[in-house]
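First comes the structure, then the notes that go with it.
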Amino acid sequence: MALFALVDCNNFYVSCERVFDPKLEGKPVVVLSNNDGIVVARSNEAKALGIGMGVPEFQIRHLIRRHDVQVFSSNYTLYGDMSQRVMETLAQFTPNLEVYSIDEAFLSLSGFTSRDLTEYGRTIKATVKRWTGIPVSVGIAETKTLAKVAGRVAKRSIGAAGVFDLTVCQDRNALLALTPVEDIWGIGRNWARLLKQHGITTALSLREADVHWVRGTMGVVGERLVRELHGVSCLALDDCPPPKQGITVSRSFGRSVTTLAEMKEAVAFYTGRAAEKLREERLAVTVLTVFLTTNTFKDEPQYSNAATIKLPVATDSTFDMLRHALHGVERIYRDGYRYKKAGVMLTALVPASQVQGDLFDQQDRERSRTLMRVLDRLNDHMGAGTLRYAAEGITKRWQARFERRSPAYTTRWEELPVAKVS
DNA sequence: TCTGGGGTCCTAGGACCC
DNA sequence: TCTGGGGTCCTAGGACCC
């Protein structure tokens, strides 16, 4: 029988901030998205105040002021590093580990059935807390979907204290009946609405729904989900993820961009970042898309467009990508609009080691590769942006704001936390 | 004044081929 | 009257995830 544990970091970004600033413990804390736009993580105290996920910051200012909510800009360098520490800790417990997202992992526990799994879950939870400072909850069940349900119980039930094993649960049906459909992994807003229209409101009623009807309305995804709720594992542990299919870098601007020159600077910057990620994955790109858009929330003239460029030869060189990307911007940019966002997408990726040559390719690939290697190493060691392209510009007035960002405690020497003894 | 960013998978429909 | 059938590939769009 298949057996999974879902390990989920509690309020992950908030917990990362708390590790380095314990005074935040017990207080309402939120972390904001890029550009300090919306709420992306809340402490339990912040949730209790009614602060929703994805709510724009300006809509909750009154709550922030009244309850002295601690607000942070997101610090992805810190969260990425902390995530890696958590995942390395989990890897101590099993080689069969799927890192599902920045704050979640599935562990295969097949073959562990002779143990007391709740006890094992507690050991995992305690070890992660001790080694990284991050609190997690653990859900255990025969399928990934049920492990998610178990994880939800682990988090909410006081008795569970952060660990819940569904396989030894006395009354599984009652528990599924207490799980609203919209809280099931794989059921989003649209499907929840549709299911409710048909009287399906809980995980239990979805499990008991007619499979053919589900297949007809929700396709194979829905059918798989119903089977998973029945305890039939359809989603295997994916412990060696396939190579990325696409790389996107896009940002909202800190203030509107209204000139072609500034737009080109922003796109040059995004292209540089995308190219770095591409080289990290040892991939090369064959299709590059540039897009830009005005602010759809505003009542003003709207325009958005994209240029897709098929490259003659797959490349991982920032210079190649810059040339095409900037040409793309020139093609789609229209004067007279206030732009809010732009981005670069790299698709149709191939392994960098297998790039197809081109008879008419005049460039010295080897030289450009050496240059890129030097550039990446330098930026890696000396800090991002140490060496960058003239096309990115100097002023960067378009750059997003992070006004309340915590220090990069774990990844920059000059921002290391200091312990003072008095 | 102020509304994120980066992904995956599935499906339907059209083009094209034999 | 009556205009094949089946496969593949690609793309756009819709759903979802964190």
Side-chain angles (χ1 to χ4, degrees), chain A residues 6-13 30-42 51-62 64 71-76 79-80 83 98-106 144-145 148 151 181-195 214-225 234-236 238 241-256 270 273-274 277-278 281 287 289 291 293-300 306 308 310 338 340-349 399-404:
Chain A
L6 170 73
V7 180
D8 194 344
C9 301
N10 301 342
N11 315 330
F12 183 54
Y13 297 170
V30 299
V31 176
L32 302 176
S33 66
N34 264 348
N35 227 0
D36 295 342
I38 61 169
V39 172
V40 294
R42 307 108 79 209
I51 296 176
M53 188 70 167
V55 176
E57 185 265 352
F58 71 88
Q59 284 177 11
I60 54 161
R61 270 188 205 155
H62 60 290
I64 291 173
V71 180
F72 290 85
S73 304
S74 40
N75 184 343
Y76 290 109
Y79 310 150
S83 171
E98 174 185 344
V99 177
Y100 177 68
S101 73
I102 194 164
D103 68 340
E104 275 174 73
F106 287 103
K144 284 182 167 180
T145 306
K148 278 278 202 177
V181 259
E182 65 268 26
D183 285 7
I184 301 171
W185 187 44
I187 301 292
R189 257 217 318 277
N190 289 287
W191 280 349
R193 184 163 25 87
L194 188 141
L195 289 170
V214 173
R215 167 83 200 216
T217 45
M218 296 172 65
V220 284
V221 179
E223 183 177 355
R224 264 202 303 253
L225 215 152
C234 302
L235 303 168
D238 192 2
K244 280 202 166 108
Q245 308 213 344
I247 288 171
T248 304
V249 174
S250 71
R251 300 274 187 284
S252 297
F253 302 130
R255 52 196 285 185
S256 348
Y270 303 157
R273 276 297 301 134
K277 288 192 194 180
L278 187 73
E281 304 276 332
V287 174
T289 302
F291 62 90
T293 179
T294 48
N295 190 343
T296 51
F297 288 101
K298 282 199 169 163
D299 185 21
E300 56 184 39
T308 299
K310 177 127 181 43
R338 297 161 51 79
K340 177 63 182 167
K341 182 176 179 173
V344 175
M345 290 167 59
L346 310 179
T347 49
L349 308 181
Q399 215 162 41
R401 285 185 303 266
F402 293 87
E403 281 168 6
R404 286 163 282 193

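The model shown is predicted, which means the values in this text are computed figures rather than measured ones. Lettering follows sequence order; numbering is per chain, from 1.
If you check every strand for non-hydrogen atoms under 4.0 Å, A:Val55 touches nothing. If you check every strand for non-hydrogen atoms under 4.0 Å, A:Leu32 touches nothing. Here A:Tyr100 lies in heavy-atom contact (under 4.0 Å) with sugar-phosphate atoms only. Here A:Arg224 lies in heavy-atom contact (under 4.0 Å) with sugar-phosphate atoms only. Counting any heavy atom pair closer than 4.0 Å across all strands shown, A:Asn34 reaches sugar-phosphate atoms only and no base atom. A:Ile184 comes within contact range of the sugar-phosphate backbone alone, with a heavy-atom separation under 4.0 Å but no base atom that close.
Taking every side-chain heavy atom of A:Lys298 into account, B:dC2 is the closest of C:dC17, B:dC10, B:dC2. The side chain of A:Ser250 lies closest to B:dG6, out of B:dG4, B:dC10, B:dG6. For A:Lys340, counting side-chain heavy atoms from C-beta on, the closest listed nucleotide (B:dC10, B:dG6, B:dT3) is B:dT3. For A:Asn190, the listed nucleotide lying nearest its side chain is C:dC16; candidates were C:dC16, B:dT3, C:dC18. Picking from B:dG5, B:dG7, B:dC9 the nucleotide with the shortest atom distance to the side chain of A:Ile247 gives B:dG7. Nearest to the side-chain atoms of A:Lys277 among the listed nucleotides B:dC2, B:dG7, B:dG4 stands B:dG7.
Taking atom CG on A:Asp183 and atom C1' on C:dC16, their separation rounds to 15 Å, with Å as the unit. Separating the CD1 atom of A:Ile102 from the P atom of B:dG5 is a distance of 15 Å, rounded to the nearest angstrom. One can place CZ of A:Phe291 at 10 Å from C1' of B:dG6, the figure rounded to the nearest angstrom. Summarising the geometry, the separation between CD1 on A:Ile38 and C1' on B:dC2 is reported as 13 Å, rounded to the nearest angstrom. To the nearest angstrom, C1' of B:dC2 lies 9 Å from CZ of A:Arg401. Rounded to a whole Å, the CE atom of A:Met345 is 10 Å from the P atom of B:dT8. Going from atom CD1 of A:Ile60 over to atom P of B:dT3 covers 14 Å, rounded to whole Å. Here the C1' atom of nucleotide C:dC18 and the CE atom of A:Met53 are 8 Å apart, to the nearest Å.
Between A:Lys340 and A:Glu300, no side-chain nitrogen of the basic residue sits less than 4.0 Å from a carboxylate oxygen of the acidic one, so the salt-bridge criterion is not met.
Of the possible donor and acceptor atoms, none in the side chain of A:Ser250 sits under 3.5 Å from a partner among the backbone N and O of A:Ala342. The main-chain N or O of A:Ala400 is never found under 3.5 Å from a side-chain atom of A:Arg251 such that the two would form a donor-acceptor pair. Judged by distance alone, the side chain of A:Lys341 and the main-chain N or O of A:Asn295 form no donor-acceptor pair under 3.5 Å. A donor-acceptor distance shorter than 3.5 angstrom exists from the side chain of A:Ser73 to the backbone of A:Glu403, with no hydrogens or angles considered. Not one N or O on the side chain of A:Thr347 forms a donor-acceptor pair closer than 3.5 Å with the backbone of A:Gly246.
Note on ring orientation: taking the six-membered ring where Trp is involved, the planes of A:Tyr270 and A:Phe253 are parallel (angle under 30°, cut-offs 30° and 60°). Classification of the A:Tyr76-A:Tyr13 ring pair by plane angle, with boundaries at 30° and 60°, yields perpendicular.
Ranked by how close their nearest DNA chain B nucleotide is to the 5' end, A:Gly246 and A:Asp36 are led by A:Asp36.
Remark: the A:Arg61 side chain and the B:dC2 base include a donor-acceptor N/O pair separated by less than 3.5 Å.
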Which nucleotides of DNA chain B pair, in dot-bracket form (Watson-Crick or G-U under 3.5 Å, | meaning another strand) = ....||||||||||||||
